[in-house]
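Both backbone and side-chain heavy atoms feed into the values below; hydrogens, waters and symmetry mates do not.
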Amino acid sequence: MTYDIRLATTDDVDALARLSSESFGYPVSDHPHPDPQATGRTTYVAAHQGQIVACVVHRRYESWFWGTRVPTAGIAGVKVATEHRGKGLLTPLFERCLSDAASEGRPVSTLYPTAPGIYRRFGYELFASYDHETVLPTAALAQVRPGAGSLRRAELADVPQIRRVYDEWARAYNGPLTRDGASFPATDSELLEAFSGATLALDEAGGVVGYALWERTGGYGADGVLDVRDLVTLTADATRLLAHALGSSAGVAPTTVLSTSPSDLLDLLLPSSPRTVRRAYPYMLAVLDVAGALTSRGFAEILDGTTTFAVEGLPLSGQDGTYALTVDGGRTSVERTEAAPAATFTARGLALRFAGTHSNLELRRAGLLTGPTGDDARWDALFSGRTPQVRDYF
């Protein structure tokens with residue numbers, strides 16, 4: 001079969017909505033398809049004999065990695081008509097989409113997969129999880145001893161402080177979206193009005209050091225639920241204050257549903273481990289531009305030096321090969337080299353190395369890194385110390 005790979009137009013909206021319904025199982029009338037080329041979004045389709053049979057959407061984001069904002073190609077809305085599955089149709093779609101994304105300066109790409117194996121052939125690998133429905137007894141929060149400081153309800157004038165706290169929190173992790181730009185158009189009033197509760201944690205000087213955005217559902221009996229959409233804190237006292245305050249709803253909302261990621265620091269304050277994950281969205285990362293990704297950050301001067309490495313199986317042509325990574329005065333450069341590589345990463349291995357989730361030894365044991373081990377300790381020093389966290393689904 002032959003397919004026409006092209007940008008979607010507004011004339012394709014109805015066909016895209018039907019394809020979404022077929023792929024994701026919701027009625028077309030409940031989820032009309034957005035403008036395929038809305039700000040921050042580019043939709044690519046495959047057509048066969050004039051019919052839309054597959055789709056990939058590029059969402060424009062920036063993500064925090066290693067304390068730096070990294071332009072990111074978020075991939076969403078991947079769908080293929082039933083009769084055209086298993087024919088390799090995603091390959092030309094991803095090649096076009098990712099090539100365009102790299103050309104506009106996006107060195108990494110992320111996505112939430114329904115089946116991770118589909119995307120590994122494009123260099124993606126799992127590095128985080130958005131545990132959107134993490135369930136725990138509200139009474140467990142009530143047992144957290146409150147910290148120093150105070151609480152108050154947020155007002156419209158406080159939203160810039162909420163955004164500041166999120167940015168300061170997110171900068172310390174790998175993976176969180178920056179929550180600004182074309183794909184986050186909400187005004188301050190829209191953000192505040194999206195939640196029935198917005199509680200601020202203040203330090204003893206009155207500064208905002210944490211917040212919780214929450215909803216109450218299910219009535220005030222056994223079915224009562226406290227739905228905490230966002231709990232972000234910068235200090236242990238702030239975490240304790242907010243946890244204890246949310247726990248005060250235990251009598252009318254015995255269940256709390258928290259949107260979080262594994263290794264949430266709240267776990268270190270709970271008296272037990274009562275949480276269960278009811279709905280989780282695994283998150284994948286791919287490196288599109290080796291030099292662009294690895295030079296997006298600086299390093300401590302103590303790590304100055306040069307390491308050679310090779311990469312195989314990257315999703316974009318022209319990216320495979322051997323590179324020299326040099327840190328000089330904390331500044332980074334990555335250049336092609338004819339020197340023998342000290343080690344060779346697969347595309348998935350490089351994604352995990354950039355994400356900082358696995359040591360070189362672990363990558364070797366998974367078959368994602370081969371070759372001499374002499375530089376393994378250096379790689380571990382360069383890419384360690386930040387855990388993955390995500391708080392947004394797309």
Review point. Salt-bridged, Arg179 to Asp167, with N to O below 4.0 Å?
Key: no

Check your understanding: Ring centroid separation for Tyr61 and Phe394, is it under 6.0 angstrom?
Key -> yes

Review point. With a 3.5 Å cut-off and no angle check, do the side chains of Asp131 and Tyr281 form a donor-acceptor pair?
Key: no

Exercise for review: For the pair Leu200 and Gln161, evaluate side chain to side chain contact (heavy atoms under 4.5 Å, CB included) and give the outcome as yes or no after the intermediate values.
Suggested key: CA-CA 9 Å; Leu200 302 179; Gln161 292 300 312; over 6 Å; no

Check your understanding: Taking only residues two or more places apart in sequence or in another chain, which ones pass side-chain contact (heavy atoms from CB on, under 4.5 Å) with Leu265?
Key -> Tyr173, Leu268

Revision key, fill the gap. Across all chains, not counting sequence neighbours, the side chain to side chain donor-acceptor pair (under 3.5 Å) partners of Asp328 are none

Practice item. Applying ring-ring contact (aromatic ring centres under 6.0 Å, His included), run through Tyr283 and Tyr130 and close with a yes or a no. Key: CA-CA 7 Å; Tyr283 199 38; Tyr130 178 40; 9.0 Å; no

Point to revise | Residue Arg85 excluded, over 12 heavy atoms near CZ under 6.0 Å | key: yes

Point to revise | Side-chain donor/acceptor of Ser109 to backbone N/O of Ala73, under 3.5 Å | key: yes

Exercise for review: Not counting sequence neighbours, which residues clear side-chain contact (heavy atoms from CB on, under 4.5 Å) with Thr344? List them please.
Suggested key: Ala310, Glu312, Pro341, Thr370

Practice item. To the nearest 0.5 angstrom, please state how far the OH atom of Tyr166 sits from the OG1 atom of Thr178. Key: 7.5 Å

Revision key, fill the gap. Sorted by chain and number, sequence neighbours left out, side-chain contact (heavy atoms from CB on, under 4.5 Å) with Ala243 holds for Leu141, Val144, Leu266

Check your understanding: Can you check whether Thr134 reaches Val257 side chain to side chain, under 4.5 Å on heavy atoms?
Key -> no

Exercise for review: Sequence neighbours left out, what passes side chain to side chain donor-acceptor pair (under 3.5 Å) with Thr357? Give chain and number order.
Suggested key: none

Point to revise | Residue pairs involving residues 273-284 (criterion salt bridge (charged side-chain N to carboxylate O under 4.0 Å, His left out); sequence neighbours excluded) | key: Glu133-Arg278, Glu133-Arg279, Asp267-Arg275

Point to revise | Main-chain N/O of Leu314 paired to Asp320 side chain as donor or acceptor, under 3.5 Å | key: yes

Revision key, fill the gap. Contacts of Phe299 meeting ring-ring contact (aromatic ring centres under 6.0 Å, His included) (sequence neighbours excluded), chain-then-number -> Phe383

Check your understanding: Trp214 and Ser196: side-chain donor and acceptor closer than 3.5 Å?
Key -> no

**Study point:** Expected output: side-chain Ser99 to main-chain Arg96 donor-acceptor under 3.5 Å
**Key:** no

Practice item. Would you list the pairs meeting salt bridge (charged side-chain N to carboxylate O under 4.0 Å, His left out) in which at least one residue belongs to residues 44-69, sequence neighbours left out? Key: Arg60-Glu104, Glu62-Arg69, Arg69-Asp180

Check your understanding: What residues, two or more places apart in sequence or in another chain, satisfy side chain to side chain donor-acceptor pair (under 3.5 Å) together with Gln389?
Key -> Arg391

Practice item. Flag the pair Leu269 / Arg240 as yes when at least one side-chain heavy-atom distance between them is below 4.5 Å, and no otherwise. Key: yes

Review point. Got more than 12 heavy atoms from elsewhere within 6.0 Å of CZ, Arg145?
Key: no

Exercise for review: Output all residues satisfying side-chain contact (heavy atoms from CB on, under 4.5 Å) with Phe24, sequence neighbours left out; order by chain, then residue number.
Suggested key: Ser20, Tyr26, Lys79

**Study point:** Inter- and intrachain pairs under side-chain hydrogen bond (donor to acceptor under 3.5 Å, both in side chains), touching residues 299-310, at least two apart
**Key:** Thr306-Thr326, Thr307-Arg378

Exercise for review: For the pair Tyr124 and Tyr119, name the ring-plane relationship: parallel under 30°, tilted 30 to 60°, perpendicular over 60°.
Suggested key: perpendicular

Exercise for review: Establish, yes or no, whether a centroid distance under 6.0 Å links the rings of His358 and Phe127.
Suggested key: no

Review point. Side chain of Ser21, backbone of Ala17: donor and acceptor closer than 3.5 Å?
Key: no

Review point. Minimum heavy-atom separation for Gly149 to Glu204, with atom names?
Key: N-CG, 4.0 Å

Check your understanding: Who pairs with Arg365 by side chain to side chain donor-acceptor pair (under 3.5 Å), at least two apart in sequence or on another chain?
Key -> none

